Amino acid sequence: MPLSPAERTLRAKLAAHSVHARGRTNTEPARAAFDQRFFDEVDPDRVLPSVERAKRAAHARSAYFSRLAMKAATARRRKAQASDNNASEGPDAE
């Protein structure tokens, strides 16, 4: 007999809590690949010492997230400005 939507939700919650209770997640390979991109970016030929490569990769990762934050702030500002412009026009602006 198929599970109801509520039962499927409960089963999914149980599975998630069980995984996290063991201290493991299924995102480790994805996170490792994501971090690897920064190592590849700063030292594609692997000529730097590992300590220097790790330091530069950490800076590249910080720059990546700072760039994302800047884009998000710009998008929020533009959205707020568009909302303000639409509100100031009012319903009789046509």
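All residue numbers refer to positions in the sequence shown, counting from 1. This one's a predicted model, so the numbers in the text were calculated from it and none came from an experiment. Hydrogens, waters and symmetry mates play no part in the numbers below; they use all other heavy atoms, side chains included.
For R76, the side chain to side chain contact (heavy atoms under 4.5 Å, CB included) test picks out A72, A73, with sequence neighbours left out. The side chain to side chain contact (heavy atoms under 4.5 Å, CB included) check on S66 picks up nothing, with sequence neighbours excluded. With sequence neighbours left out, E7 forms a salt bridge (Lys or Arg N to Asp or Glu O under 4.0 Å) with no residue at all. Every residue was checked against the salt bridge (Lys or Arg N to Asp or Glu O under 4.0 Å) condition with R37, not counting sequence neighbours, and none meets it. E28 pairs by the side-chain hydrogen bond (donor to acceptor under 3.5 Å, both in side chains) definition with R31, not counting sequence neighbours. Residues that satisfy the side-chain hydrogen bond (donor to acceptor under 3.5 Å, both in side chains) test with R56, not counting sequence neighbours, are E52.
Counting only residues at least two apart or on different chains, the salt bridge (Lys or Arg N to Asp or Glu O under 4.0 Å) pairs with a member in residues 60-71 are D35-R61.
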Hey, can you pull the donor-acceptor pairs under 3.5 Å for the side chains in residues 42-51, sequence neighbours left out?
from, atom 1, to, atom 2, distance (Å)
D43, OD1, R46, N, 3.3
D43, OD1, V47, N, 3.1
D43, OD2, V47, N, 3.2
D43, OD2, L48, N, 3.0
D43, OD2, R53, NE, 2.9
R46, NH1, F39, O, 3.3
R46, NH1, D43, O, 2.7
R46, NH2, D40, OD1, 2.7

All N/O donor-acceptor pairs, side-chain side in residues 10-17, below 3.5 Å, sequence neighbours left out:
none

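Hydrophobic cluster membership for F34: F38, Y64, F65, L68 (Ile, Leu, Val, Met, Phe, Trp, Tyr linked by side-chain heavy atoms under 4.5 Å, directly or transitively).
A heavy-atom distance below 4.5 Å is found between the side chains of T74 and R77.
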